[in-house]
Amino acid sequence: MIQIGKYNTLKIARDTKVGLYLTDGTEDILLPNKYVPKEFEVGQELIVFVYLDHEERKVATTLEPYILLNEFALLRVNYVNKFGAFLDWGLEKDLFVPFREQARPMEKGKRYLVFMYIDHETQRLAATSKINQFLDNSELTVAEGDEVNLIVSHITEKGINVIINELYKGLVYKNEVYDDLRTGDRITGYIKTIRPDNKIDVTLRQQGAAAIEPDAETVLDELRASRGFLRLNDDSHPEDIKTVLKMSKKSFKKAIGALYKQKLIEIKEDGIYLVKE
């Protein structure tokens with residue numbers, strides 16, 4: 001069955017004046033002329049994205065959409081009318097967001113984090129900014145210490161709300177964030193704590209012994225870029241360390257301790273020096 005909102009691998013069934021008809025063996029759909037490759041053969045397989053055209057017919061395209069079915073993406077509003085908002089998702093036909101699926105009224109030109117789904121009443125692709133309904137922490141397949149993919153959902157006074165592996169909700173506390181993050185940013189993180197109610201605390205840095213190695217490498221890289229000297233040491237203010245290295249003072253002390261043991265650096269009153277490599 002040819003699926004809308006996803007990539008499909010289909011065979012070229014026939015060549016016509018309006019384009020190529022592609023098939024999965026049971027259903028044929030059109031790949032319009034503007035998307036037809038310069039060279040092709042009947043029977044050849046093509047990977048195409050399938051969606052509904054303006055007349056609600058399945059149609060194929062070789063354009064790459066910014067979002068796929070059952071996924072999240074940050075998309076810009078092209079225009080708003082009496083029916084809802086219409087998002088730019090990289091295709092000719094905009095992606096529709098009904099008013100009832102807007103967490104707050106959408107405005108033209110602004111970007112919103114949305115989830116794309118199939119409207120079961122109309123069988124059309126649509127999007128929603130009410131994303132929490134598609135996240136469920138009741139049954140988790142992640143464990144503390146796991147590396148995970150994160151999407152920044154929204155930022156509050158408490159911290160950074162994130163989507164974990166496009167499945168779960170999580171929180172990164174603000175005092176553990178050393179980069180400027182915005183809604184829609186995709187980053188790597190680590191499961192820090194799973195609470196009894198399945199709420200998840202996330203960190204952007206590896207924990208324990210595993211964290212020392214990348215932090216130490218960060219210090220080495222900065223030393224090399226700074227001609228072998230950094231005006232930082234155990235007595236440095238945490239904000240100075242954060243500004244230069246984007247890590248906590250605790251992580252910094254672990255990193256330089258590891259480097260000192262390996263005789264890669266010297267620690268003096270005025271800062272740390274790189275031992276000649």
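Scope of the values below: all heavy atoms of this structure, side chains included, with no hydrogens, waters or symmetry mates.
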Q: Using modelled atom types only, decide if a donor and an acceptor are shared between the side chain of Glu144 and the backbone of Ile194 within a distance under 3.5 Å.
A: yes
Q: Return yes if some donor-acceptor pair links the side-chain N/O of Lys249 with the main-chain N/O of Ser236 below 3.5 Å, else return no.
A: yes
Q. At their closest point, which heavy atom of Ile67 faces which heavy atom of Val114, and how far apart are they?
A. CD1-O, 3.9 Å
Q: Report yes or no: does Thr243 contribute a side-chain atom to a donor-acceptor pair with the main-chain N or O of Glu239 at less than 3.5 Å?
A: yes
(Q) I'd like to check the side-chain contact (heavy atoms from CB on, under 4.5 Å) partners of Leu46; sequence neighbours left out, ordered by chain and number. (A) Ile12, Leu20, Leu22, Leu31, Pro37, Gln44, Val48
Q: For residues Phe96 and Trp89, establish whether the separation of their ring centroids is below 6.0 Å.
A: no
Q: Would you verify whether the NZ or CZ of Lys158 falls within 45 degrees of the ring axis of Tyr173 while also being under 6.0 Å from that six-membered ring's centre?
A: no
Q: Would you confirm whether Glu101, through its side chain, and Pro98, through its main-chain N or O, come within 3.5 Å as a donor-acceptor pair?
A: no
(Q) Is it the case that the side chains of Asp94 and Asn78 hold a donor-acceptor pair, with the cut-off being a distance below 3.5 Å and no angle test? (A) yes
Q: Compare every heavy atom of Ala127 with every heavy atom of Leu87, then report the nearest pair and how far apart it is.
A: CD1-CB, 4.2 Å
Q. Shortest non-hydrogen contact from Leu230 to Ser226?
A. CD2-OG, 3.7 Å
Q. Are any of the side-chain heavy atoms of Gln3 and Val50 separated by less than 4.5 Å?
A. no
(Q) Once ring pair (Phe, Tyr, Trp, His ring centres under 6.0 Å) is applied, do any residues pair with Tyr66, and if so which ones, sequence neighbours excluded? (A) none
Q.
Using a 6.0 Å cut-off, check whether atom CZ of Arg182 has over 12 heavy atoms from anything other than its own residue.
A. no
Q. Any idea how Tyr273 and Phe229 line up, ring-wise: parallel (<30°), tilted (30 to 60°), or perpendicular (>60°)?
A. tilted
**Q.** Closest contact, heavy atoms only, Ala60 versus Ile29
**A.** CB-CD1, 3.8 Å
Q: State, to 0.1 Å, how close Val202 and Gly170 come at their nearest heavy-atom pair, and which atoms those are.
A: CG2-CA, 4.3 Å
Q) In the hydrophobic clustering (ILVMFWY, side-chain contacts below 4.5 Å, transitive), which residues join Tyr21, or is it alone? A) Val18, Leu30
Q: May I ask you to decide if the ring planes of Phe86 and Tyr79 are parallel, tilted or perpendicular, using 30° and 60° as cut-offs?
A: parallel
Q | By side-chain hydrogen bond (donor to acceptor under 3.5 Å, both in side chains) - contacts of Thr141 (at least two apart) | A | Tyr168
**Q.** Those residues that, when tested against Ser153, pass side-chain hydrogen bond (donor to acceptor under 3.5 Å, both in side chains) (two or more places apart)
**A.** none
Q.
Any carboxylate oxygen within less than 4.0 angstrom of a Lys/Arg side-chain nitrogen, looking at Glu56 and Lys93?
A. yes
Q: Applying side-chain hydrogen bond (donor to acceptor under 3.5 Å, both in side chains), name anything that partners Arg104, two or more places apart in sequence or on another chain.
A: none
